[in-house]
Amino acid sequence: MKLLEDLNDDQRAAVEFVDGASLVIAGAGSGKTRVLTYKIAYLLKKGLAPSSILALTFTNKAAREMKKRIADMVGERTARYLWMGTFHAVFSRILRAEAAHIGFSSHFTIYDSSDSGSLLKSIIKEMKLDDKQYRPGLVHSRISAAKNNLITPAAYSGSTDLLKSDNNARVPRIHEIYHVYTERCRMADAMDFDDLLLQTNILFRDHPEVLNKYREHFQYILVDEYQDTNYAQYLIVKKLSEQHQRICVVGDDAQSIYSFRGANIDNILQFKNNYSSAQVFKLEQNYRSTQTIVNAANSLIDKNAHQIRKKVFSEKAKGQKIKVLQVYSDIEEGQVIANHIADFKHLDEYDYQDIAVLYRTNAQSRVMEDQLRKNYIPYRIYGGLSFYQRKEIKDVIAYGRLIVNPNDEEALKRIINYPARGIGDTTLNKLLECAALHAVSAWEVLNQPLQYNLAVNAGTAKKLTGFADMMKVFMAQAEVLNAYELTGLVIKSTGLLSDTYVDRSPENLSRQENVQELLNAIHEFCETRADADEPAQLTDFLSEVSLLTDQDTDKESEKDKVTLMTVHAAKGLEFKVVFVVGMEEELFPSLFSMESPRELEEERRLFYVAITRAEERCFISYAKSRFKNGQIHFANPSRFIKDIDPVYLDQPAESPFAGRTTVFDDDFGPDSGFNQGLKLQGGPFPSFGRLSRKEPPASQSSSWKDAAQERALNPASVNPKKLTKLSRRQGDTPAAASSLPVGAKVRHQLFGEGVVLAVSMAGANEKAEIDFGSKGVKTLLLKFAKLEIL
DNA sequence: CTTAGTAGGCTTTTT
DNA sequence: GCCTACTAAG
C-alpha cells in the first residue's frame with residue numbers, strides 16, 4: 001500500500017497493527033500525528049466506513065488539523081463522516097441525541113467555567129456560607145475533581161474519605177453545595193464541561209442498549225494524547241472498546257501536563273494492564289529537533305521517577321547548545337530576547353514566524369509584549385481572553401442561550417438587566433430565591449409571579465413581565481428565523497450595543513467590531529449549513545459554539561510574527577527557535593507545585609514540552625526580579641536548569657548574575673540577597689526602580705504598529721477566537737484613502753441597498769458606515785462585508 | 001435602582 | 001497591575 005512508504009519501520013508497524021488494542025508511545029517530535037492520520041487512512045482503505053471510526057483528540061485544533069490531513073489523503077467526501085473531535089465535542093453530540101434517557105433536553109446548555117463559578121457563588125451565598133472560606137474556585141475544583149472521577153453527589157456524601165478531607169480543609173459542606181449545584185444545573189437544563197463526561201458515563205451505565213448501539217457503531221477507536229485523559233474519559237473509551245478491542249491510543253507520558261484537570265498519567269502507564277493483549281509500539285526517532293536539543297531534553301526528563309523509559313534520538317545535525325540567559329529583571333529579559341530576535345531577523349537567519357516565546361503563565365506576556373513593541377518586532381499572542389469570553393460576545397450569546405433554553409439561569413442572570421431595564425440585584429435575588437424555594441426555574445417564576453408569591457411591587461412586576469414578553473417574542477421568532485437573522489433582531493431590538501455608540505473610543509469601536517465579527521461568524525455558519533442542507537437555527541449554532549475555545553486559523557495577515565504563548569498552549573507545535581522565559585523558582589516550577597513531588601514532576605514534564613518545541617535553537621532565560629501583583633519579587637534560577645546535563649548548555653561560567661551583559665548599578669552582585677534566596681517584598685529599590693521605569697521613546701510607526709493595532713482593533717485579523725487586552729494602548733488611526741467613496745450606492749446581501757455615509761479606519765482595516773434605509777445604519781468592516789458597488 | 005469611585009484580592013496551566 | 005466587589009451618592 002502506497003501510503004505506507006512515507007513511514008519509518010516503527011511507524012509502519014504501528015499503523016498496520018489493527019487486529020487488537022495497541023499503545024503507541026510517541027516521543028516528542030516522533031511523528032505521532034502522522035501515525036494517527038495514516039492509520040485512519042489505512043483503516044479507510046481497508047474498507048472501514050468513515051462513520052464507524054471514532055478519533056478523539058485533546059483540542060479542537062488538533063481535530064481540525066487531523067481531519068484536514070486525512071481529507072488530503074482520502075478526500076473530503078470521505079473524511080467528513082469520521083467521528084473526529086474532542087471528547088467534549090463528540091460526547092456532547094451523543095448526549096444531545098440521547099438526552100431523553102438521562103432527563104435532559106436535546107438543546108441543553110453547556111455551562112462554561114465562568115457560568116459554573118457564578119452558579120456556585122449564588123449557591124454559597126444562598127446557603128449563607130462565607131465565600132472567603134468557600135471560595136467558588138476551590139469549590140469548583142473539588143466538584144470538578146469529583147466528577148472527573150465519576151463521584152456523584154450521593155457518592156460524595158457517602159464517602160468518609162472525602163468528607164474527612166473536606167473537614168480538614170475547613171470546607172465541610174462542599175458535598176451539600178455539590179448536591180444543590182447538580183440540582184440547579186438540572187433545573188436549568190444545563191451541563192458543565194465535566195458533566196459531558198460524567199453524564200456520558202451515566203448514560204452508558206444505566207442504558208446498556210444505548211452503550212451497545214455505540215459499541216457496535218464505533219468499529220475502531222483512536223485516542224490522541226492519551227496521557228492527558230482522566231478517569232471519566234478512560235472509562236468511556238474502555239466501555240466502548242473492551243469488547244472488540246479495536247483501539248489504538250497514542251501518547252507520551254513525558255508530555256503529560258494536565259493533571260490539574262484530572263488527567264491521570266496512570267492511564268497510559270497502566271494501559272497494558274487494562275488491555276491485556278495490547279501491543280506496544282515505541283516511536284523513538286525525533287524528526288523535529290537537533291541532537292543537542294533532544295539530548296538535553298532527555299537528560300532533563302531522566303530526573304523524573306515516574307515514566308516509561310525510552311530512548312528518543314535524533315539523526316539531525318548536532319546543532320548549537322541551549323543558551324542560558326541571565327538577566328536582572330523581567331523587563332531586561334524582554335529586552336534581551338527582543339535583541340536576539342532582531343539579530344536573527346537582520347542577519348537573515350530566521351523569520352519572525354520561526355520564533356516562539358514560551359512562558360509558564362499568561363501574566364508574563366505583558367512585559368514581553370511591551371519590549372517587543374518597543375523594538376518594532378511584530379508578534380501575535382495566544383491565550384488570555386478568548387473571543388467567546390469577551391463581555392459583549394457573552395452578552396449576545398446569553399440572549400441566544402435564553403431563547404433556546406429559557407431555563408438557563410446563568411444566561412438569565414446575565415441579561416435580565418442588561419441593557420439596564422430597572423431590574424436590580426434586589427429583584428433578581430428575590431426571583432432566584434423564590435425559584436429555589438419552589439424548586440422551579442427562574443423563568444417559570446417570571447411567567448407566573450403571582451402563583452409563586454413573588455414579593456415585588458407593581459412597578460417591578462411590570463418590568464419583569466416586559467422582559468419576559470420580549471423574550472417570548474424572540475422565542476417565537478426563533479421558530480422562523482435562522483441564527484443570523486435572529487441574532488440581528490436581538491441586537492437591534494434590545495439595544496445591546498447602544499452604549500457603545502456614545503463615543504468613538506477604541507474600546508467601544510472594538511466592542512462593536514467584535515459583535516460584528518460574531519455576526520459574521522454566525523452568517524458564515526448559516527451559509528455553510530444551508531449549503532449542506534442542514535438546519536441553521538440558533539440552537540444549532542449555540543451547540544457548536546459552546547465548545548469553541550480553541551485558538552484558530554492562521555490568516556494571511558498573521559504571517560511573519562513572533563508567537564507568544566504558554567507552554568501548555570504550545571503542546572503539539574514546533575518552532576525553529578524557542579525562548580523559554582521565566583525559568584525561576586516559584587514561577588517555573590510554580591509555587592503551587594513545590595510541595596508535592598508528583599506535581600514537581602509534572603512541572604518538569606512541562607519544561608520538557610517547552611524545550612522539545614524547538615527545532616534548531618533553544619534559549620532559556622531567568623530573571624532575578626520580576627513584577628508580580630504590582631510588587632517586585634525576587635527568585636532563584638529554576639532547579640530545572642540544573643537538571644539538564646551541562647554539556648548541552650551554553651551558560652555563563654560564573655555564578656548567577658556575575659557575568660551579566662548589561663550595565664547596571666552594582667547593588668546586586670553575586671552575593672546579594674538574591675543568591676541566598678532572600679525574599680524582599682515591595683518597596684522602592686534604587687537601581688531596580690531606575691531600570692524598570694526607564695521608558696523608551698513612545699514613537700509609533702512601521703510594522704509593529706500595524707501588528708499591534710490590528711490586534712487591538714480588529715480581532716479577525718489576529719485570530720478570531722483569542723485576543724488579549726484590547727485597544728487600551730492604541731487610538732484610532734486617521735482615515736486613509738478608501739476604495740469605497742462616500743455617497744456610493746452599495747448592495748449587501750442581507751441589508752439590501754444602502755448609501756455610504758462615511759469610511760474610516762479600524763486598525764488596519766477599512767470600515768464604512770452605511771445607511772440601509774429601513775434596515776438602519778450599519779457599520780461594516782469592508783474586509784468582511786460582501787458589498788456590491790452599484 | 002443606577003452609577004461612579006474605591007478598596008481589596010488575586011494569579012498556573014484549559015476542554 | 002488588573003479586575004471585581006463593595007460602598008456611597010444620585
Side-chain angles (χ1 to χ4, degrees), chain A residues 56-63 85-92 110-114 116-118 121 125 131-132 135-138 141 144 147-148 191-197 225 228-230 232-233 256-263 330 358-367 370 382-386 388-389 391 417-428 456-457 459-460 463 499 546-551 565-571 582 586-594 599 602-603 605-607 609-610 626-633 682 692 722 724-725 728:
Chain A
L56 297 164
T57 63
F58 194 65
T59 65
N60 293 310
K61 191 176 167 191
T86 63
F87 275 88
H88 297 263
V90 165
F91 293 108
S92 70
I110 297 173
Y111 276 174
D112 68 16
S113 340
S114 73
S116 304
S118 144
K121 214 159 124 188
K125 213 167 176 181
D131 65 353
K132 299 245 164 42
R135 294 204 339 271
L138 189 252
S141 71
S144 174
K147 288 185 174 183
N148 285 328
M191 295 197 199
D192 66 17
F193 283 141
D194 304 315
D195 281 330
L196 297 176
L197 305 175
E225 309 280 17
D228 287 324
T229 51
N230 60 34
Q233 293 166 321
S256 163
I257 55 175
Y258 282 96
S259 76
F260 69 94
R261 229 175 61 194
D330 46 356
L358 307 183
Y359 34 77
R360 180 68 241 276
T361 67
N362 277 309
Q364 290 166 255
S365 72
R366 160 170 304 278
V367 179
D370 289 344
Y382 288 100
L385 229 43
S386 84
Y388 286 101
Q389 283 166 356
K391 183 192 176 306
N417 196 34
Y418 187 83
R421 45 176 78 88
I423 304 170
D425 285 350
T426 323
T427 308
L428 178 59
V456 292
N457 62 40
T460 309
K463 287 170 185 162
D499 61 337
S546 45
L547 290 166
L548 273 190
T549 48
D550 210 9
Q551 22 236 12
M565 56 170 60
T566 63
V567 183
H568 281 91
K571 193 165 86 159
E586 302 190 355
L587 181 61
F588 202 164
S590 92
L591 179 62
F592 306 94
S593 68
M594 312 237 293
E599 287 179 48
E602 174 144 323
E603 294 280 314
R605 291 193 294 270
L606 193 56
F607 187 34
V609 168
R626 183 177 295 279
F627 253 100
K628 247 180 179 176
N629 306 344
Q631 285 185 321
I632 300 167
H633 285 254
S692 64
K722 292 271 185 179
T724 33
K725 299 152 208 144
R728 304 271 167 72

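Naming convention: chains lettered A, B, ... in sequence-line order (proteins, then strands); numbering from 1 in each chain. Side chains included, hydrogens not; waters and symmetry mates left out as well; all remaining heavy atoms used.
Comparing the same atom, C1', in B:dT12 and in C:dA5 gives a spacing of 23 Å after rounding to whole Å.
For A:T426, the side-chain hydrogen bond (donor to acceptor under 3.5 Å, both in side chains) test picks out no residue, with sequence neighbours left out. Evaluation of the side-chain hydrogen bond (donor to acceptor under 3.5 Å, both in side chains) rule for A:S590 yields no partner, not counting sequence neighbours. Partners of A:Y111 according to the ring-ring contact (aromatic ring centres under 6.0 Å, His included) rule, which considers only residues two or more places apart in sequence or in another chain, do not exist here. Under the side-chain contact (heavy atoms from CB on, under 4.5 Å) criterion, A:T86 pairs with A:T57, A:N60, A:H88, A:A89, not counting sequence neighbours. Remark: A:S256 engages no residue in a side-chain hydrogen bond (donor to acceptor under 3.5 Å, both in side chains) (not counting sequence neighbours). Under the salt bridge (charged side-chain N to carboxylate O under 4.0 Å, His left out) criterion, A:E225 pairs with A:K32, A:K571, sequence neighbours left out. For A:F260, the ring-ring contact (aromatic ring centres under 6.0 Å, His included) partners two or more places apart in sequence, or in a different chain, are A:Y258, A:H568.
Using a 4.0 Å heavy-atom distance criterion, A:N417 is classed as a sugar-phosphate-only contact. Here A:F87 lies out of heavy-atom contact (under 4.0 Å) with every strand. Across all strands shown, A:R135 has heavy atoms under 4.0 Å from sugar-phosphate atoms exclusively, and none from any base. Looking at heavy-atom distances under 4.0 Å, A:I423 makes contact with sugar-phosphate atoms alone, never a base.
Here the side chain of A:H568 is nearest to one of B:dT15, B:dT13, B:dC1, namely B:dT13. Relative to the side chain of A:F592, the nucleotides B:dT14, B:dT12, B:dT15 differ in distance, and B:dT12 lies closest. Which of B:dT12, B:dT14, B:dT15 sits closest to the side chain of A:F260 comes down to B:dT14. Closest to the A:S113 side chain, of the nucleotides B:dT15, B:dT13, B:dC1, is B:dT15.
One finds no side-chain N or O of A:S593 lying less than 4.0 angstrom from the OP1 or OP2 phosphate oxygen of B:dT12. At the phosphate of B:dT13, OP1 or OP2 sits under 4.0 Å from a side-chain N or O atom of A:N362. At the phosphate of C:dC2, OP1 or OP2 sits under 4.0 Å from a side-chain N or O atom of A:R366. OP1 or OP2 of B:dC1 sits under 4.0 Å from a side-chain N or O of A:T427. Regarding contacts with the backbone of B:dT15, every side-chain N or O of A:N230 stays at 4.0 angstrom or more from both OP1 and OP2. An OP1 or OP2 oxygen of B:dT14 is reached within less than 4.0 angstrom by no side-chain nitrogen or oxygen of A:T59.
Where A:D425 and A:S590 meet DNA chain B, the nucleotide closest to each residue was compared, and A:D425 sits on the side nearer the 5' end. Each of A:K463 and A:T361 lies near DNA chain B, and the nucleotide nearest A:K463 is the one positioned closer to the 5' end.
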N/O-N/O pairs, protein side and nucleotides 7-10 of chain C side, under 3.5 Å:
none

Between protein and nucleotides 3-9 of chain B, what N or O pairs are separated by less than 3.5 Å?
none

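Looking at every heavy atom in both residues, A:D195 comes nearest to A:K147 through OD1-NZ, 2.9 Å.
The nearest whole Å value for the distance from the CG atom in A:L591 to the P atom in B:dT13 is 14 Å. Rounded to a whole Å, the CG atom of A:L587 is 19 Å from the P atom of B:dC10. When the P atom of B:dT12 is taken as reference, atom CE of A:M594 falls 14 Å away, rounded to whole Å. Distance A:L606 CG to B:dT13 C1': 7 Å, rounded to the nearest Å. Rounded to an integer number of Å, the gap from A:L196 CG to B:dT15 P is 14 Å. For the pair A:K125 NZ and C:dA5 C1', the computed distance is 9 Å after rounding to whole Å. Taking atom NZ of A:K628 as the reference point, atom C1' of C:dC2 lies 16 Å away to the nearest angstrom. The interatomic distance linking A:Q631 (CD) with C:dC2 (C1') rounds to 14 Å, in whole Å.
With centres under 5.5 Å and a plane angle under 30° as the test, the ring of A:Y258 is not stacked against the base of B:dT14.
Remark: side-chain polar atoms of A:N417 are paired, donor with acceptor, to backbone N or O of A:G422 under 3.5 angstrom.
Using a 4.5 Å cut-off on side-chain heavy atoms (C-beta onward), A:Y359 and A:L587 make no contact.
By the 6.0 Å contact criterion, CG on A:D425 is open, its count of non-hydrogen atoms from other residues, nucleotides or ligands being 12 or less.
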